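As structure tokens, the structure follows; a few thoughts come after it.
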Amino acid sequence: MAAPNPSRNHTISIAYANFPAVSQKLCKTVMFVAWTGCELRPLHAFTISPGPSLTDISLQETQPSQSALADLSARIATARKASAGDARFRLTSQAAALLVLAIFAGVIGSLIIGAMPSIKAFGFNFIIDEAWRPTREHFGALAPIYGTLVTSALAMLIALPVGIGVAIFLTELCPRPLRRPIGIAIELLAGVPSIIYGIWGLFVFAPWFQVHVQEPIVESIGDVPVLGTLFGGTAFGIGTFTAGLILSIMILPFISAVTRDVLETVPSVLKEASYGLGSTSWEVMWKVCLPFCSTGVVGGAMLALGRALGETMAVTFVIGNAHRINPSLFAPGTSISATIANEFAEATSELYTASLIELGLILFVITFIVLTCAQLMLRRLERAKGK
Amino acid sequence: MVLNQALYFRRRLANSLFIALSLGAAIFGLLWLSLILYALLKNGVSALSVSLFTEITPPPGAKGGLLNAIFGSVVMSLGAVLIGTPVGLFAGTYLAEYARHGRLALVVRFVNDILLSGPSIVTGLFIYELVVRPMHGFSAIAGTLSLAVIVIPVVVRTTENMLLLVPNSLREAASALGAPQSFVIRAVTWKAARAGIITGVLLAIARISGETAPLLFTALGNNSMSTDMTKPMAALPLVINQFAASAFEDWHTLAWGGALLITATVLGLSIVARLLENTQRT
């Protein structure tokens, strides 16, 4: 730093010109000090006195005292340490955030690498081939994909209307003292692990369903042309339909909780205005509330669909694990997750394992698409709420 | 004004129908859920006994308990929380404090939400490729890691949400006193959001204590007592999975007992978390 000659008066402009670019900040400090007449600490080793006019200052170099220099270096050390700690903290948190990305990339990467042998061996045929014959090293994913899609569709078909019904009941019709307890109960149930639904389905529901629902249906409409194909065959209790039902019970609390949250965002002014015009509860709900938060409801439903697609344990127990596409919904089938869960630990050959991993990859891609749609919709809702 | 009686009647009819339907839906939904809880309580309580906690899983046809499974579940969940919490805490802090509107934060947030609700069985496959295959064997370490992968997104999400609830004036006041940003975060923001962050950790524990799919081919399960982290280890959900699929009555009873234990743990943790969250929000 080119120190200005202390014996001469400097105007501010001269001070600017004499200071190199790095010390512009100091220059500004000097200006500020000159302006306000504050005393500058001896850290900068200048004494400054305001000149006759505001733009005139004189700088006089002083010999900094030993203690002031020690104080200065101690302060610099502290500040350095603090800023190094600050940077470390920032880097740590950034690294953690990047780790989340790395996990995601790792999931996709490991699935693709793991699935490579199967992708090479079967190519695109893997997706449209129904045959799954481990003994002959021949694998096709159509049956599990079909099972996953059908059980999820069934689950949504049942859980969506019921879930929305429950949500409407909770926000509009339920007596006030019951609202909170029922709402909390539903939210808690959304956290019950899927394996619980699985063993309930296997031990309690399937036997009951077989005797009291499936058998009468098979007997009564087993011979009717279209219905007979859908609901025919032998009543096993377990099967695609049962899996769909259990799934629907599992995602029901989830859909109800999300829909209720979304319905509560409807401004009461809207509802009151509508009631004021003489609308019935039904009209307020159907023509005002649901259109107002349709994005949220659909987003919540997509989230639930994402869950249903990837659900493993609740399905594995009750779907029957048969690698066949049977037109009857009562027949045993399989889903992607059930196939992986059942066969992975026993898969002996390289190709077998790779095929199962490719199934996982397909599942991940499907849920990724569904969840992305859900995200986009819920984001839009959040932005709308933010306004 | 002339009242259109027919229209009025139609509208009232539609309304009653709607009320009846949503009432029906509520009853229908709650009925199933209470049936499940009832079956769980009925079968689970009769399976509860002291030996459940003191003996290890029996061979077919013998009596026994779930000691090794409970031990395995506790150890692996604890490990997963120890690994997952710091990562989740820092990542959530990054999202809320450093890069709230940055592009990286946008991507991380999106990816985190996908991981949060993505299929957990895929996590198992990931850890299988990452840990089990290179180590040439199933191990409790792999199980712990796959649970940690599930813990992280839960903690990230709740941490971020809770930090966003902390009023900016607190941060500004601390900064104005000259505190570096990291100090502001540690001493002010984290402290203000402490209850909420703990809520997230509890919810994560609740989530992993019932997770079965990611353990199936990482920890694998073990029918004897094992404390070796490099060997397969038992876990409650794995035992339920194995025993429920078997044909032995004793094993079924144990599966119900385990199911009740898991559900009680999950519900207990969720309730505590909910209470804590309420103290945070008010």
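Every value quoted in this text rests on a predicted model; they were computed, and no experiment measured them.
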Side chain, backbone, both or neither: which part of [X] has a heavy atom under 4.5 Å from chain A?
| X | result |
| --- | --- |
| Ile36(B) | both |
| Leu30(B) | side chain |
| Ile185(B) | side chain |
| Arg207(B) | neither |
| Leu269(B) | neither |
| Leu104(B) | side chain |
| Ile114(B) | both |
| Leu40(B) | side chain |
| Leu203(B) | neither |
| Val266(B) | side chain |
| Leu95(B) | neither |
| Ala14(B) | both |

In terms of heavy-atom proximity below 4.5 Å to chain B, should [X] be classed as side chain, backbone, both, or neither?
| X | value |
| --- | --- |
| Thr353(A) | side chain |
| Leu173(A) | side chain |
| Ile186(A) | side chain |
| Thr367(A) | side chain |
| Gln94(A) | both |
| Leu252(A) | side chain |
| Ile182(A) | side chain |
| Met285(A) | side chain |

Based on non-hydrogen pairs under 4.5 Å, which of [options] is most in contact with chain A?
| options | value |
| --- | --- |
| Asp113(B), Thr93(B), Thr263(B), Ile19(B) | Asp113(B) |
| Leu216(B), Leu125(B), Leu220(B) | Leu125(B) |
| Gly118(B), Ala259(B), Pro180(B) | Pro180(B) |
| Phe138(B), Tyr98(B), Phe28(B) | Tyr98(B) |
| Ile121(B), Thr123(B), Ile271(B), Leu130(B) | Ile121(B) |

Salt-bridge contact Arg180(A)-Glu187(A) (side-chain N to carboxylate O under 4.0 Å):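 Not counted as a salt bridge, because no side-chain N and carboxylate O are separated by less than 4.0 Å.
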Full working for side-chain contact (heavy atoms from CB on, under 4.5 Å) between Tyr94(B) and Leu98(A): CA-CA 10 Å; Tyr94(B) 181 76; Leu98(A) 288 174; over 6 Å; no
With a 4.5 Å heavy-atom cut-off, do [X] and [Y] have their side chains touching?
| X | Y | value |
| --- | --- | --- |
| Leu305(A) | Ser152(A) | yes |
| Thr242(A) | Ile319(A) | no |
| Cys289(A) | Val284(A) | yes |
| Pro237(B) | Ile262(B) | yes |
| Asn43(B) | His252(B) | no |
| Glu346(A) | Tyr352(A) | no |
| Ile246(A) | Val315(A) | no |

Sole residue of Ser120(B), Ser146(B), Ser73(B), Ser77(B) in side-chain contact (heavy atoms from CB on, under 4.5 Å) with Ile208(B):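 Single pass found, and it is Ser77(B).
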In terms of relative ring orientation, are [X] and [Y] parallel, tilted or perpendicular, with 30° and 60° separating the classes?
| X | Y | answer |
| --- | --- | --- |
| Phe368(A) | Phe110(B) | perpendicular |
| Tyr128(B) | Phe344(A) | perpendicular |
| Phe90(B) | Trp190(B) | perpendicular |
| Phe364(A) | Phe104(A) | tilted |

Arg109(B) (side chain) donor-acceptor with Arg100(B) (main chain) under 3.5 angstrom: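 Yes; at least one donor-acceptor contact below 3.5 Å.
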Chain B contact residues among residues 198-206 of chain A, heavy-atom distance under 4.5 Å: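 Residues in range: Ile199(A), Trp200(A), Leu202(A), Phe203(A), Val204(A), Phe205(A).
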Verdict with supporting geometry, Arg10(B) and Glu283(A), salt bridge (charged side-chain N to carboxylate O under 4.0 Å, His left out): CA-CA 12 Å; Arg10(B) 246 198 342 266; Glu283(A) 286 158 350; over 6 Å; no
Phe317(A) to Ala244(B) - nearest heavy-atom pair and separation: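 Looking at all heavy atoms of both residues, the closest pair is CE2-CB, 3.7 Å.
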For the student: nearest non-hydrogen atoms of Ile195(A) and Asn241(B), plus distance: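 Scanning both residues, the minimum pair turns out to be CD1-N, 3.9 Å.
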